[in-house]
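These notes are about the structure you will find just below.
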Amino acid sequence: MSNPIQHAVVIGAGIGGLSAAISLRKIGLHVTVCEASAEDAPAGTGITQPQNTFKVLKDLGIYEECLREGIQLDSMQILSREGRVLLEVNQKFLNEDLPGRNSIWRSSLNQILLSTALSLGVNVQWDRKLKAYEESDTGVTIYFEDDQILHTDLLVGFDGIRSRVRNIMLGREVTSRYLGMGSWRVPIEFPVGTLTTTSYMLLNGSSKVGIFPLTATTGYLFILKPVAEDYWDPKEQRYETVRAMLDPFQWKPDFLRSCFQPDSPILFNMIREVVLEEKWFSQRVVIGGDAAHASAPNLAQGAAMAMEDAIVLAEEIARGNSLTDALEAYYDRRYLRASEIQRLSAELLEGEMSGKDNQQTIIQQCDALLEEAY
């Protein structure tokens with residue numbers, strides 16, 4: 001590679017950032033990860049890994065461990081609020097010989113990624129908030145809020161929907177687009193045998209409830225519901241809010257009322273997306289994951305797309321072309337795929353809000369797109 005690079009700094013120790021760190025370390029770079037949060041910050045509820053994620057997990061060397069820590073789901077039932085099956089979706093959409101969608105605690109996945117990165121010699125630093133950076137022909141100088149300074153050959157931003165790296169690179173404050181829905185995520189518990197290898201989506205007009213097991217006795221529940229853009233749900237009211245939203249559902253009502261408690265840590269956020277007109281890189285700075293293409297969660301592809309970004313970035317750098325060519329090739333490989341998944345996710349969400357019966361068509365379009373590996 002002309003303009004050879006030896007060291008990369010990754011901003012963000014989430015799923016995408018740690019995947020990028022592992023991938024870049026595997027091609028021989030020295031990698032430092034800087035995360036703004038504390039090491040013991042909460043990692044959210046659960047996450048599902050569709051079959052297209054499996055190749056990424058294998059490339060990262062964590063496939064078997066993720067399956068051991070999670071539970072594999074063969075099908076998803078989409079139900080009316082009364083419990084009538086409207087559609088059953090095969091989770092083995094790429095290969096019937098592989099397990100179905102892997103469902104895992106986000107904290108477990110983060111720990112697997114972190115342990116793998118550390119075992120490879122990645123330097124992970126916590127409580128490191130990016131303040132600014134300066135880019136030149138020969139490298140990047142990074143300034144942090146604690147007055148620490150790092151010098152690197154390549155700066156990689158996987159720092160989320162409010163990405164500081166992205167905003168500095170583009171020279172503007174990127175505004176995410178509100179998609180009209182709020183999201184509540186709730187960890188749940190239940191007796192053995194209550195949920196097995198099936199996940200559930202319950203529909204009530206424009207509201208939607210998802211239920212996913214993560215182990216034999218735990219899982220997570222989420223609710224998507226249209227709310228005004230200035231809506232906010234105070235933490236002290238969330239238990240009552242969620243209970244009220246679940247009241248119309250007649251599917252397993254005893255389960256829905258008992259699977260979480262008043263002190264359960266309920267998370268709330270507004271569903272937003274980031275659509276960039278600019279390219280995802282400059283001379284020695286590149287972004288990926290939600291920083292580049294945050295999308296609605298309806299197709300459960302956000303983490304998968306971020307991990308694919310990480311793998312492709314390392315592959316293109318490893319090809320030995322100039323850094324400029326490598327970053328251009330990364331963008332060219334990722335933009336259309338990630339943008340199409342983003343478009344389909346938003347279309348599915350909009351259809352649910354307006355009552356359109358287009359779920360099966362969009363899921364089929366997504367599955368067809370993902371048949372082609374990244």
Side-chain angles (χ1 to χ4, degrees), residues 16 47-53 73 75-81 85-91 93-94 101 160-161 174-185 199-212 222-229 231 245 269-278 280 288-309 331 333-374:
I47 187 170
T48 63
Q49 299 171 313
Q51 276 195 331
N52 61 291
T53 317
L73 307 177
S75 65
M76 177 175 67
Q77 290 187 353
I78 299 176
L79 312 169
S80 69
R81 70 178 186 180
V85 178
L86 305 174
L87 176 66
E88 184 146 2
V89 181
N90 179 16
Q91 299 295 268
F93 69 97
L94 290 180
R101 180 185 303 237
I161 193 169
V174 174
T175 303
S176 59
R177 183 172 79 95
Y178 177 51
L179 294 176
M181 276 197 175
S183 168
W184 290 259
R185 289 172 290 158
S199 59
Y200 303 92
M201 293 288 184
L202 313 177
L203 306 181
N204 179 33
S206 57
S207 297
K208 175 179 179 179
V209 174
I211 300 163
F212 288 81
F222 70 80
I223 300 174
L224 296 178
K225 179 181 178 180
V227 294
E229 189 167 5
Y231 175 86
M245 288 188 291
N269 65 286
M270 311 292 274
I271 303 301
R272 312 185 75 90
E273 70 175 7
V274 167
V275 179
L276 296 182
E277 297 177 359
E278 303 94 333
W280 304 347
D290 282 353
H293 48 74
S295 63
N298 298 56
L299 289 172
Q301 287 292 333
M305 291 298 104
M307 296 172 89
E308 287 186 7
D309 288 349
Y331 174 75
R333 283 179 62 185
R334 294 303 302 152
Y335 174 74
L336 289 178
R337 183 177 173 93
S339 296
E340 186 64 7
I341 291 295
Q342 184 181 60
R343 183 190 67 79
L344 290 171
S345 298
E347 187 177 331
L348 182 58
L349 182 144
E350 290 164 3
E352 291 169 353
M353 290 179 62
S354 61
K356 291 182 181 177
D357 185 20
N358 62 348
Q359 281 197 327
Q360 186 170 11
T361 299
I362 293 176
I363 291 171
Q364 288 173 343
Q365 289 175 346
C366 177
D367 290 352
L369 174 66
L370 297 173
E371 285 179 1
E372 183 176 345
Y374 54 85

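In this text the structure is predicted, and so the values were computed from the model without any measurement. All values below were derived from every heavy atom in this structure, side-chain atoms included, with hydrogens, water molecules and symmetry-related copies excluded.
When all heavy atoms of Tyr178 and Ile271 are compared, the closest pair comes out as CD1-O, 3.3 Å. In this structure, Leu179 and Leu349 approach most closely via the heavy-atom pair O-CD2, 3.3 Å. Scanning both residues, Met270 and Ala228, for their nearest heavy atoms gives CE-O, 3.2 Å. A pairwise comparison of heavy atoms in Ser176 and Ile161 identifies CB-CD1, 4.1 Å as the closest pair. Residues Gly182 and Val227 approach most closely at N-CG2, 3.5 Å, considering heavy atoms. Looking at every heavy atom in both residues, His293 comes nearest to Ala306 through CE1-N, 4.5 Å.
Here the OG atom belonging to Ser199 is positioned 5.0 Å from the CD atom belonging to Gln91, to the nearest 0.5 angstrom. For the atom pair CD1 (Ile341) and CD (Gln365), the distance works out to 10.5 Å, reported to the nearest 0.5 Å. From Asn90, atom CG reaches atom OG of Ser75 across 7.5 Å, with rounding to the nearest 0.5 Å. Atom CG of Leu344 and atom CD1 of Ile363 lie 10.5 Å apart (nearest 0.5 Å). Ile211 contributes atom CD1, which lies 8.5 Å from atom OH of Tyr200 (distance to the nearest 0.5 angstrom). Atom CG of Asn204 sits about 12.5 Å away from atom CG of Leu79, to the nearest 0.5 Å.
The shortest side-chain heavy-atom distance between Asp309 and Tyr374 does not fall under the 4.5 Å cut-off. Residues Leu370 and Phe93 are in side-chain contact: their nearest non-hydrogen atoms beyond the backbone lie under 4.5 Å apart. Considering only heavy atoms from C-beta on, Asn298 comes within 4.5 Å of Leu224 through its side chain. Proximity of Gln301 to Pro50: side-chain heavy atoms (C-beta onward) are separated by under 4.5 Å at one or more points. For the pair Val209/Met245, no side-chain contact is recorded, criterion being any heavy-atom separation below 4.5 Å from C-beta on.
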Practice problem: Test side chain to side chain contact (heavy atoms under 4.5 Å, CB included) on Leu87 and Met201 and set out the steps. | Solution: CA-CA 10 Å; Leu87 176 66; Met201 293 288 184; over 6 Å; no

Report task. Check the pair Arg177 / Val275 against side chain to side chain contact (heavy atoms under 4.5 Å, CB included), numbers first and verdict last. Result -> CA-CA 8 Å; Arg177 183 172 79 95; Val275 179; 5.7 Å; no

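With hydrogens and angles disregarded, a donor-acceptor distance shorter than 3.5 Å links the side chain of Arg334 to the backbone of Met305. The main-chain N or O of Ala294 is found under 3.5 Å from a side-chain atom of Gln342 such that the two form a donor-acceptor pair. The backbone N or O of Leu94 sits less than 3.5 Å from a side-chain atom of Gln51, completing a donor-acceptor pair.
Residue pairs meeting the salt bridge (charged side-chain N to carboxylate O under 4.0 Å, His left out) criterion with at least one member in residues 201-212, sequence neighbours excluded, are Lys208-Glu352.
Between Glu350 and Arg343, no side-chain nitrogen of the basic residue sits less than 4.0 Å from a carboxylate oxygen of the acidic one, so the salt-bridge criterion is not met.
For Tyr335, the ring-ring contact (aromatic ring centres under 6.0 Å, His included) test picks out Tyr331, with sequence neighbours left out.
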